[in-house]
Amino acid sequence: MGEILSENCVFLDFDGVLFNTVKEAYVITSIAMKKYQCIDDVVFDTDHFKCFLKYRYLVGPAWNYKYMWELLSIDGLREYEQIYQYLISRAKYSDYHKFENLFFFTRDKIKLNEFDKWINLNEPYDFLKLVKHHIIKNDKLFIITTKDKATVKDLLELEGIDMNGNSIYDKVDFDRYKSKFNIINSIIKNRNIDKAIFIDDSAEHLKKCGEIKRLSIYQAGWGYISPKDASSLSMSTIAAEINNLLGRV
């Protein structure tokens, strides 16, 4: 007799799906790299920020910003994506761990001393409104992110969502499992999930997770999308898929 599969669930990315956090990432990286001293110094109406926004889709874990930033400082650089991918593929922990620690230290310091200004750097997408009731009332929805859990909870709570921390798989989990594929695959197997869907704005993450049995993948048509991506979907379309899977609560 085969195993009984009874549950359905949803996996959501955070940055680029629930929240637009590109300004926050730019501020933290800028201060960590000593381009600016504090939030009030940061200027967004610049070619530098526009370039940061343009290539944001390449970034996964926070340590990636180190290599993104270094390439942005090279004037007239061609084949940016190819060079970036080359650097990331060969990056060693010993090369980027100091920046990674500084990135999260800078975020914590800003949150502690300038919380209201920090909050304004993070903007919820309208998609959050469409799925908010599921996050609040459903234990079958998980957030899979390379962000730290405390920041995820802080931002959700400001939108009236007190999410169970056990349903948030964050930077620590990513470091442990090494990929979103491994995290999601483990949850589906351990909970005997019948059907699941995963929403991410990263085509790279989705492609890898597309190999997981009983999982359907959908690329968000908002957030940080590569110019080459053509299969992304609207907020209403993806929200409807979630409603169909979990029911209207």
*Stepwise side-chain contact (heavy atoms from CB on, under 4.5 Å) test for I199 and V10*: CA-CA 8 Å; I199 298 97; V10 174; 3.9 Å; yes
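- Taking the ring centroids of Y84 and Y55, they lie at or beyond the 6.0 Å cut-off.
- In this structure, CZ in R214 is found 9.0 Å from CG in N185, a value given to the nearest 0.5 Å.
- Counting heavy atoms of neighbouring residues, nucleotides and ligands inside a 6.0 Å radius, atom OH of Y86 does not exceed 12 of them.
- Heavy-atom minimum distance, A203 versus D229: CB-OD1, 3.5 Å.
- Judged purely by atom type and a 3.5 angstrom limit, D108 has no side-chain atom pairing as donor or acceptor with the backbone of F105.
- I136 approaches G160 most closely through the heavy-atom pair CD1-O, 3.8 Å.
- The side-chain heavy atoms of I144 and I187, taken from C-beta on, include a pair separated by under 4.5 Å.
- The cluster map of Ile, Leu, Val, Met, Phe, Trp and Tyr, joined by side-chain heavy atoms under 4.5 Å apart, puts V59 and L102 in different clusters.
- Side chain of N20 to main chain of E123: no donor-acceptor pair is present (N/O by atom type, distance under 3.5 Å, no hydrogens or angles).
- Cluster membership for L233 and I225, using ILVMFWY side-chain heavy atoms within less than 4.5 angstrom, is not shared.
- Remark: E241 CD to N244 CG distance equals 5.5 Å, nearest 0.5 Å.
- Between the side chain of N182 and the backbone N or O of K178 there is no donor-acceptor pair closer than 3.5 Å.
- Around NZ of K111, the count of heavy atoms belonging to other residues, nucleotides or ligands within 6.0 Å exceeds 12.
- Side-chain contact of T151 with D148: a donor-acceptor pair under 3.5 Å is present, judged by distance alone.
- Proximity of F99 to E70: side-chain heavy atoms (C-beta onward) are nowhere separated by under 4.5 Å.
- Listed by chain and number, the residues in a side-chain contact (heavy atoms from CB on, under 4.5 Å) with K153 are K149, E157, D162, I168 (sequence neighbours excluded).
- In this structure, I31 and D41 have side chains that are not in contact, with every pair of non-hydrogen atoms separated by 4.5 Å or more.
- In this structure a side-chain-to-backbone donor-acceptor pair under 3.5 Å is present from W222 to V17.
- Atom-to-atom distance recorded for T106:OG1 and K34:NZ is 8.0 Å, nearest 0.5 angstrom.
- To the nearest 0.5 Å, atom CG of residue L141 and atom CG of residue L12 are 4.5 Å apart.
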*Hey, mind stepping through F11 and I212 against side-chain contact (heavy atoms from CB on, under 4.5 Å) and telling me if it holds?*
CA-CA 13 Å; F11 301 101; I212 300 174; over 6 Å; no
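- Put simply, L206 and Y169 are part of the same group of oily side chains (I, L, V, M, F, W, Y) that touch within less than 4.5 Å, one to the next.
- Closest non-hydrogen pair, Q85 versus L58, comes out as NE2-CD2, 3.6 Å.
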*Worked verdict on F52 versus V22 for side-chain contact (heavy atoms from CB on, under 4.5 Å)*: CA-CA 9 Å; F52 185 93; V22 68; 3.9 Å; yes
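- Across every non-hydrogen atom of I217 and G210, the tightest pair is CD1-CA, 3.9 Å.
- When all heavy atoms of L245 and N8 are compared, the closest pair comes out as O-ND2, 3.4 Å.
- Within the cation-pi definition used here (under 6.0 Å to the ring centroid, within 45° of the axis), K54 does not qualify as a partner of Y80.
- The only member of D154, D170, D15 that meets salt bridge (Lys or Arg N to Asp or Glu O under 4.0 Å) when paired with K147 is D15.
- Taking 4.5 Å as the limit, every side-chain heavy atom of L112 sits out of range of all side-chain heavy atoms of W118.
- Within a 6.0 Å sphere centred on CZ of F44, heavy atoms belonging to other residues, nucleotides or ligands number more than 12.
- Taking the six-membered ring for Trp, F198 and H205 have ring centres at least 6.0 Å apart.
- Y93 and W63 fall within the same hydrophobic cluster, defined by Ile, Leu, Val, Met, Phe, Trp and Tyr side-chain heavy atoms under 4.5 Å apart, directly or through other members.
- F103 pairs with exactly one of Y65, Y26, Y96, W69 by the ring-ring contact (aromatic ring centres under 6.0 Å, His included) rule, that one being Y65.
- L18 and D13 get closest at one heavy-atom pair: CG-O, 3.8 Å.
- Salt bridge absent: D95 and K66 never bring a charged side-chain N and a carboxylate O closer than 4.0 Å.
- In this structure, the side chains of F49 and V43 stay at 4.5 Å or more apart for every pair of heavy atoms.
- K180 has its side chain within reach of D200: a pair of non-hydrogen atoms, C-beta onward, lies under 4.5 Å apart.
- Remark: K207 pairs with no residue by the side-chain contact (heavy atoms from CB on, under 4.5 Å) rule, at least two apart or across chains.
- Checked for salt-bridge contact, E24 and R107 meet the test: a charged N lies under 4.0 Å from a carboxylate O.
- Residue T21 holds its OG1 atom at 6.0 Å from CG of N122, rounded to the nearest 0.5 Å.
- Side-chain atoms of L87 and L71, non-hydrogen and from C-beta on, do get closer than 4.5 Å to each other.
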*Stepwise side-chain contact (heavy atoms from CB on, under 4.5 Å) test for I188 and K213*: CA-CA 9 Å; I188 287 178; K213 293 180 179 179; over 6 Å; no
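- To the nearest 0.5 Å, the span separating OH on Y218 from CD1 on I238 amounts to 8.5 Å.
- Side-chain contact between K50 and D47 is present, with heavy atoms from C-beta onward closer than 4.5 Å.
- Transitive grouping of hydrophobic side chains (ILVMFWY, heavy atoms separated by less than 4.5 Å) keeps F174 and I143 in distinct clusters.
- At least one donor-acceptor pair under 3.5 Å links the side chain of N113 to the backbone N or O of K109.
- With K132 contributing its side chain and E159 its backbone, the two residues share a donor-acceptor pair below 3.5 Å.
- Few gaps surround CD on Q82; more than 12 heavy atoms of other groups in view lie less than 6.0 Å from it.
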